[in-house]
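Sequence lines set the chain letters: A, B, ... in the order given, protein chains first and strands last, and positions in each chain run from 1.
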Amino acid sequence: MNRETACEAYRRLLVQYPIVDDRRHFLNFHNPFETLILTILSAQTTDRAVNAVRDTLFSRYPTPEELARAEPGEVEPIIKSIGFHRTKARHIVETARKLVSDFGGEVPQTMEELQTLPGVGRKTANIVLSQAFGINVGIAVDTHVRRVSKRIGFTDSTNPAVIERDLMALFPHEVWRDINYLLIRHGRAVCTAQNPKHDRCVVADLCRYCRELRAGKPPDEE
DNA sequence: ATCCCGAGGG
DNA sequence: CCCTCTGGAT
């Protein structure tokens, strides 16, 4: 797919899934530490649920040093309402301890260093880098990004590393983070694995998968 | 019932 | 590759 078509798809998805509202809460993060902790807590949960516990959490543990001194067991009840609270309590406490012991109490600014922190995978590291430091290192390819990119025709590959390179080549680096977000949202709401909702898809006319459907060709998906 | 901007462990 | 972790919103 050429860049103009890709950009047109990007513009339409941006209208369909407005980012400004959703991102407002990220912009209100006070510092990299809060950004990191809240992003870890955000995994598989809603922003609303995380926002509900942030004041209590940070009034009690405002810095890595203070969170590092806590026991996971005492953090657990504070974040109970977000789900996965046992795992996440352990992750954020151990992350705080590692910030203190390995990184001088600061949040590291590279993909590799961030991913050594408990509870921080590629996705979380990506979000922290872009939100806390404005560094757009790349595009995190999860199952949604993978499926949607292949269907629309942003890539021909199913290899996550190749998909990432294709997307990075197709879009200007200022919008990588947006693209990541938009493809995920589109994959969840419309371009679902089973029974994709073509009638509600704003890029259907640009989509390779839809074109093949209309041509009567069964699109091959692996 | 189904989903949430996943990560870690087997 | 698979599985588990978890409560809340819709």
*Might you work through the salt bridge (Lys or Arg N to Asp or Glu O under 4.0 Å) test for A:R122 and A:E164, ending with a clear yes or no?*
CA-CA 12 Å; A:R122 188 172 165 63; A:E164 182 175 11; 2.5 Å; yes
*Whole-Å distance separating the CD1 atom of A:I37 from the P atom of B:dA7*: 14 Å
*B:dC5 C1' sits how many Å from A:D178 CG, rounded?*
13 Å
_Does C:dT10 have OP1 or OP2 under 4.0 Å away from a side-chain N or O of A:R48?_
yes
*Whole Å only: how far is the CZ atom of A:R86 from the P atom of C:dG7?*
8 Å
_A:R185 with A:D178: basic N within carboxylate O range, under 4.0 Å_ = no
*asked:* Taking only the P atom of each, what is the distance from B:dG10 to C:dT6 in whole angstrom?
replied: 16 Å
*Among C:dG7, B:dC5, C:dT6, find the nucleotide with the atom closest to the side chain of A:K80.*
C:dG7
*Decide, yes or no, whether a salt bridge links A:R12 with A:E8 under the criterion of side-chain N to carboxylate O below 4.0 Å.*
yes
*Determine: side-chain N/O of A:T87 to OP1/OP2 of B:dA7, distance under 4.0 Å, yes or no.*
no
*Is any N or O donor-acceptor pair between the side chain of A:R90 and the base of C:dC5 shorter than 3.5 Å?*
no
_Measure CZ/A:R147 against P/B:dC5 and give the value in whole Å, please._
15 Å
*For A:E66, does the CD atom have more than 12 heavy-atom neighbours from other residues, nucleotides or ligands under 6.0 Å away?*
yes
*So what does A:L117 hit on the nucleic acid, given a heavy-atom distance under 4.0 Å: a base, only sugar-phosphate, or nothing?*
sugar-phosphate
_Gap between atoms NZ and C1', on A:K123 and B:dC5 respectively (whole Å)_ = 5 Å
*asked:* Can you work out whether A:I184 or A:P118 has the more 5'-proximal nearest nucleotide on DNA chain B?
replied: A:I184
*Just checking A:H91: base, sugar-phosphate only, or nothing, at a heavy-atom cut-off of under 4.0 Å?*
sugar-phosphate
*Whole angstrom value for the distance that separates C1' of B:dG8 from CG of A:D142*: 17 Å
*Step-by-step salt bridge (Lys or Arg N to Asp or Glu O under 4.0 Å) determination, A:E71 to A:R97*: CA-CA 11 Å; A:E71 289 302 322; A:R97 289 176 182 167; 3.6 Å; yes
*Whole-Å distance between C:dT6 P and A:H85 NE2?*
6 Å
*Send over the distance from A:I179 CD1 to B:dC5 C1', rounded to a whole Å.*
14 Å
*Distance between the P atoms of C:dT10 and B:dC5, in whole angstroms?*
12 Å
_Shortest side-chain distance from A:R185, nucleotide among C:dG8, B:dC5, B:dG6_ = B:dC5
